[in-house]
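Note that the structure is predicted; figures quoted are calculated from it, not measured. Counting begins at 1 with the first residue of the sequence.
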Amino acid sequence: MAGRSVRLLEPGQTPHARLPQRTGSVHSLAFITAHSLPGLILATGGADGAIRLWDPQEPRQEALPVLHGHRGKVTALTTLHHPAHTQPLLISASTDDTTVRIWECQTGEEVLRLVTAAPITSLVVLPPEASPQDSPPTIVFGSPRGIGAATVHL
């Protein structure tokens, strides 16, 4: 970040674009890739509780619907490749509303909500090789109160 804006760059190159300043403070980032999405998508989790999805090559406006639902800043984002879905899902968390949410990015639909009762600050999905074969994915989440995990059945 330079000043108060998010600048986009390719490694070894000068910044080529910036996200609109109307997005406010960005607290988390993740990339989403899928063959049916318009290329690489950058997800930003904001202080306003919104998750915005951007095409890094054309960052003037959101590439997909804004994901609304969190009450307070979005502090963690990651992707989930679930066998029941053809497209990757986005997982988000908030320290303020103590929820972990799973989103279908193309439609903006919230697929699942976990209420953790703890302020979540980090997320990771266990790689498939870390779980028994044919078992559903596991999300691990971190908080100042400790860590937890949930197996995702969709």
Visitor: If you look at every heavy atom in I32 and P88, which pair is closest and at what distance?
Guide: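 The pair with the smallest heavy-atom distance is CG2-CG, 3.8 Å.
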Visitor: Could you tell me which non-hydrogen atom of S122 sits nearest to which non-hydrogen atom of A76, and how far apart they are?
Guide: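 That would be CA-CB, 3.8 Å.
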Visitor: Give, for atom CH2 of W54 and atom CD1 of I41, the distance between the pair rounded to the nearest 0.5 Å.
Guide: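 One finds 11.0 Å between CH2 of W54 and CD1 of I41.
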Visitor: Evaluate the side-chain proximity of H70 to D96: yes if any heavy-atom separation is below 4.5 Å, no if none is.
Guide: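 They are not in side-chain contact.
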Visitor: Taking side chain as C-beta onward, heavy atoms only, is I120 less than 4.5 Å from T98?
Guide: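 No. Closest side-chain heavy atoms not under 4.5 Å.
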Visitor: Looking at R145 and A118, what are the two nearest heavy atoms and their distance?
Guide: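 Result for this residue pair: NH1-CA, 3.6 Å.
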Visitor: About how many Å separate CD of E62 and CG of L53, when rounded to the nearest 0.5 Å?
Guide: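 Separation between the atoms: 8.5 Å.
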Visitor: Could you state the interatomic distance from OG1 (T86) to NE2 (H81), rounded to the nearest 0.5 Å?
Guide: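 Result: 11.5 Å between the selected atoms.
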Visitor: Can you hop from V152 to L89 via hydrophobic side chains spaced under 4.5 Å?
Guide: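 Yes, one cluster joins them.
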Visitor: Are I102 and L90 close enough that some pair of their side-chain heavy atoms sits under 4.5 Å apart?
Guide: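 No, side chains not in contact.
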Visitor: What I want to check is whether the side chains of T99 and R101 have a donor and an acceptor closer together than 3.5 Å.
Guide: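 Yes, a side-chain donor-acceptor pair sits under 3.5 Å.
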Visitor: Hey, what do you get for CD (Q87) to NE2 (H82), rounding to the nearest 0.5 Å?
Guide: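 One finds 14.5 Å between CD of Q87 and NE2 of H82.
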Visitor: Ignoring hydrogens, what is the shortest heavy-atom contact between V111 and E104? Give both atom names and the distance.
Guide: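 Closest pair (atom of V111, atom of E104, distance): CG2-N, 3.8 Å.
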Visitor: Got S92 and L67 here, is their nearest side-chain heavy-atom distance under 4.5 Å?
Guide: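 Answer no - side chains too far apart.
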Visitor: Side chains of L126 and V140: closer than 4.5 Å at any heavy-atom pair?
Guide: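 With C-beta onward as the side chain, the pair touches.
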Visitor: Under 4.5 Å between side-chain heavy atoms, counting indirect links through other Ile/Leu/Val/Met/Phe/Trp/Tyr residues: same cluster for L112 and F141 or not?
Guide: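 Same cluster: L112 reaches F141 through Ile, Leu, Val, Met, Phe, Trp or Tyr contacts under 4.5 Å.
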Visitor: Heavy-atom distance under 4.5 Å between the side chains of L77 and L29, does that happen here?
Guide: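 No, every pair of side-chain atoms sits at 4.5 Å or beyond.
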Visitor: Once rounded to the nearest 0.5 Å, what's the spacing between atom CH2 of W103 and atom CD of E109?
Guide: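 Here the rounded value is 10.0 Å.
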Visitor: Look at the side-chain heavy atoms of Ile, Leu, Val, Met, Phe, Trp and Tyr, link any pair under 4.5 Å apart, and say whether L42 and L40 land in one connected group.
Guide: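 Yes, L42 and L40 fall within the same hydrophobic cluster.
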Visitor: Taking all non-hydrogen atoms of both residues, which atom of R113 and which atom of E110 are closest, and how far apart?
Guide: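 Taking every non-hydrogen atom into account, NE-OE2, 2.8 Å.
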Visitor: Check whether any side-chain heavy atom of L123 sits under 4.5 Å from a side-chain heavy atom of I139, and report yes or no.
Guide: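 L123 reaches I139 side chain to side chain.
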Visitor: Might you point out which heavy atoms bring P144 and P119 nearest each other, and give the distance in Å?
Guide: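 The answer is CD-O, 3.3 Å.
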Visitor: When rounded to the nearest 0.5 angstrom, what is the spacing between CG in D48 and NE2 in H27?
Guide: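 Output value for this atom pair is 9.0 Å.
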Visitor: With the 4.5 Å side-chain cut-off for hydrophobic clustering, are V100 and V74 part of the same group?
Guide: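 Each belongs to a different hydrophobic cluster.
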Visitor: If we only count heavy atoms from C-beta on, is the V125 to I91 side-chain gap below 4.5 Å?
Guide: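 Touching, per the 4.5 Å side-chain cut-off.
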Visitor: Applying side chain to side chain contact (heavy atoms under 4.5 Å, CB included) to I51 and T44, what does each step give before you reach the verdict?
Guide: CA-CA 6 Å; I51 301 161; T44 60; over 6 Å; no
